[in-house]
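Worksheet for the structure shown next.
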2 protein chains.
Amino acid sequence: MDLVRQLGENVRRIRKERGISQEELALDAGMKRSYVSDLERGTRNPTVRALGRLAAALKVPPAILISNPSE
Amino acid sequence: MDLVRQLGENVRRIRKERGISQEELALDAGMKRSYVSDLERGTRNPTVRALGRLAAALKVPPAILISNPSE
DNA sequence: TTGTGACTTGGAGTCCGTG
DNA sequence: GCACGGACTCCAAGTCACA
């Protein structure tokens, strides 16, 4: 499983847990909604700074987003 | 402390622990030595794929590289 | 052995839209 | 509310020479 897809799955899972839409997450992270959509589907390879903004918006440590949740 | 600098510090620390040069690390990660130098100094904002190659070369989980080691 | 400036190319990230 | 696309802009990727 590649890191980009891992990230996408984690973002989607945590976002759902928060009960917010892609649009709200995008707003909090200072990104475009279409970009968040791409990230969740694993079709984009973001920078670590983008990863950091995403983690902050989801209120989790950045490392969580590229970890395997089943561990 | 921003994530990019955190990453740089972690890479340098772990590389030193391995007792290898930037050149050797660069070779293992499929990068140029000057790029590794930039990363360690926190002057580059790499993508998560680059982060993944780095983690593999250092033989650590990717999440480690953007974690705070003092935790 | 490492830091750094300069450079080209490719892709990150934006902005417009569609069903 | 989300997937997906086209056309952009600009920064990261990737490389080199030199200190």
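Note that the structure is a prediction, hence the values are computed from the model and not measured. Quick note on labels: first sequence line is chain A, next is B, and so on, each numbered from 1.
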Checklist entry - Going through the checks in order, is the side chain to side chain contact (heavy atoms under 4.5 Å, CB included) test met by B/L58 and B/L65? => result CA-CA 10 Å; B/L58 288 170; B/L65 298 182; 4.0 Å; yes
Checklist outcome for this item: Looking only at heavy atoms, the pair that brings A/L3 and A/I66 closest together is CD1-O, 3.9 Å
Next on the checklist: Categorize A/R49 for me: base, sugar-phosphate, or nothing, with a 4.0 angstrom heavy-atom threshold over every strand shown.
Outcome noted: nothing
Checklist entry - Do B/P46 and B/L39 have side chains that get closer than 4.5 Å, going by heavy atoms? => result yes
Item to check | Test item: A/R5 side-chain N/O and A/G42 main-chain N/O as donor-acceptor pair under 3.5 Å | outcome: no
Next on the checklist: Any heavy-atom pair between the side chains of B/R49 and A/V4 that's under 4.5 Å?
Outcome noted: yes
Checklist outcome for this item: Within residues 10-20 of chain A, the residues having a heavy atom closer than 4.0 Å to DNA chain D are A/R12, A/R15
Next on the checklist: Ignoring hydrogens, what is the shortest heavy-atom contact between B/S37 and B/Q22? Give both atom names and the distance.
Outcome noted: CB-OE1, 3.5 Å
Checklist entry - Looking at side-chain heavy atoms only, is the closest gap between B/I14 and B/I64 below 4.5 Å? => result yes
Item to check | Net bend of the helix from C/dT2-D/dA19 to C/dG19-D/dC2, end axes of five pairs each, nearest 10 degrees | outcome: 50°
Item to check | Contact check, side chains of A/L54 and A/R15, non-hydrogen atoms, under 4.5 Å | outcome: no
Next on the checklist: I want to confirm an ordering. Mapping B/E24 and B/R41 to their closest nucleotides on DNA chain C, which one lands closer to the 5' end?
Outcome noted: B/E24
Next on the checklist: Can you list, in residue-number order, the parts of residues 25-40 of chain A that come under 4.0 Å of DNA chain D, counting heavy atoms only?
Outcome noted: A/R33, A/S34, A/S37
Item to check | side-chain hydrogen bond (donor to acceptor under 3.5 Å, both in side chains) partners of A/E24, counting only residues at least two apart | outcome: A/S21
Item to check | Close side-chain approach of B/K32 to B/V36, heavy-atom, < 4.5 Å | outcome: no
Checklist entry - Is the shortest heavy-atom distance from the side chain of B/N68 to the side chain of B/E9 under 4.5 Å? => result no
Item to check | With B/R13 via side-chain hydrogen bond (donor to acceptor under 3.5 Å, both in side chains) - residues at least two apart | outcome: B/N10
Item to check | d(CG, A/L51; C1', D/dA12) in whole Å | outcome: 15 Å
Next on the checklist: Using side-chain heavy atoms (C-beta onward) and a distance below 4.5 Å, is B/N45 in contact with A/T47?
Outcome noted: yes
Checklist entry - Where does the chain A footprint on DNA chain C start and end, counting 5' to 3' with a 4.0 Å heavy-atom cut-off? => result C/dA12 to C/dG17
